[in-house]
Enquirer: 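My questions all concern the structure below.
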Amino acid sequence: MTHQTSSRLMGMVLKSDSSARTRTATRRIVFALAAMGTVALGLAVHFLVPGDAAGLVADALYTVLVYLFVGFLAPRIPRVWVAAVALAFSAAVELSQLSGLPAQLAQSFPPSRLVLGTTFSALDLVAYAIGAVAALAVDTAISARAAAWGSSQAE
């Protein structure tokens, strides 16, 4: 390998590494902004929309928020794994309600009710699955669109 070829390859590697860091930083910013919007929407649904359907939407948004947190903390892991972790975490929180500990904690610290809930419902598990799939689908679509836009800008 000639010195010129070696230098060209090194330049490509450095550019690729810089590009990956930029994508990671951008992804984290998008996740943070989306998390803020999700919290606002979730609180609005929880406090302003009556009925059981609102509770299911809020539960789905809970898993979307967990997806965004996991994606923010580990932006390079595959999206399917982010969705799986979000769903598993949400399900674990729901199953913990069977122990009664979240209900006891809510008595002494009422805001914990928003994060841990108090009463187990199998239907909440369905809402969590819908939230995980929705977050995965939106993340995949936005990333594909961003990649297409980025490649069109490179031309």
Side-chain angles (χ1 to χ4, degrees), residues 15-154:
K15 183 178 179 185
S16 174
D17 186 48
S18 173
S19 177
R21 275 188 259 143
T22 300
R23 281 192 309 275
T24 298
T26 300
R27 197 160 161 71
R28 281 192 166 138
I29 291 168
V30 169
F31 279 138
L33 293 172
M36 288 186 274
T38 302
V39 167
L41 182 59
L43 290 173
V45 167
H46 179 78
F47 289 112
L48 302 175
V49 179
D52 292 336
L56 294 175
V57 170
D59 288 340
L61 288 171
Y62 179 88
T63 302
V64 169
L65 184 61
V66 174
Y67 181 99
L68 295 168
F69 282 151
V70 173
F72 181 87
L73 294 173
R76 293 186 181 186
I77 66 171
R79 290 174 187 84
V80 170
W81 285 104
V82 175
V85 169
L87 179 57
F89 179 85
S90 299
V93 168
E94 188 68 26
L95 292 171
S96 77
Q97 294 169 2
L98 292 170
S99 72
L101 290 175
Q104 290 174 358
L105 182 59
Q107 288 177 350
S108 60
F109 186 65
S112 70
R113 172 184 305 267
L114 293 173
V115 177
L116 301 176
T118 57
T119 308
F120 175 80
S121 171
L123 197 53
D124 289 352
L125 297 172
V126 174
Y128 297 145
I130 291 169
V133 169
L136 174 62
V138 170
D139 186 15
T140 300
I142 289 172
S143 295
R145 188 167 186 122
W149 182 83
S151 65
S152 72
Q153 296 300 308

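Small disclaimer: the values here were computed from a predicted structure and weren't measured.
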Enquirer: Rounded to the nearest 0.5 Å, how far does CG of L61 lie from CD1 of I130?
Expert: 11.5 Å

Enquirer: I need the R79 CZ to T140 OG1 distance, nearest 0.5 Å.
Expert: 5.0 Å

Enquirer: Enumerate, atom names and distances included, each donor-acceptor pair closer than 3.5 Å involving a side-chain atom of residues 113-129, sequence neighbours excluded.
Expert:
{"from": "S121", "atom 1": "OG", "to": "L123", "atom 2": "N", "distance (Å)": "3.4"}
{"from": "Y128", "atom 1": "OH", "to": "E94", "atom 2": "OE1", "distance (Å)": "2.8"}

Enquirer: What is the minimum heavy-atom distance between A86 and V66, and which atoms define it?
Expert: CA-CG1, 3.6 Å

Enquirer: Looking only at heavy atoms, which two atoms of T63 and G131 are closest? And how far apart?
Expert: CG2-C, 4.2 Å

Enquirer: Show me the donor-acceptor pairs within less than 3.5 Å that the side chains of residues 29-56 make with the rest of the protein, sequence neighbours left out.
Expert:
{"from": "T38", "atom 1": "OG1", "to": "A34", "atom 2": "O", "distance (Å)": "2.7"}

Enquirer: Which value, rounded to the nearest 0.5 Å, describes the distance between R76 atom CZ and R27 atom CZ?
Expert: 11.0 Å

Enquirer: Show your reasoning for whether side-chain contact (heavy atoms from CB on, under 4.5 Å) applies to V82 and L136.
Expert: CA-CA 8 Å; V82 175; L136 174 62; over 6 Å; no

Enquirer: Check whether any side-chain N or O of S96 sits under 3.5 Å from a backbone N or O of V93 as a donor-acceptor pair, and report yes or no.
Expert: yes

Enquirer: Kindly compute the distance separating CG (L65) from CZ (F89), expressed to the nearest 0.5 Å.
Expert: 9.5 Å

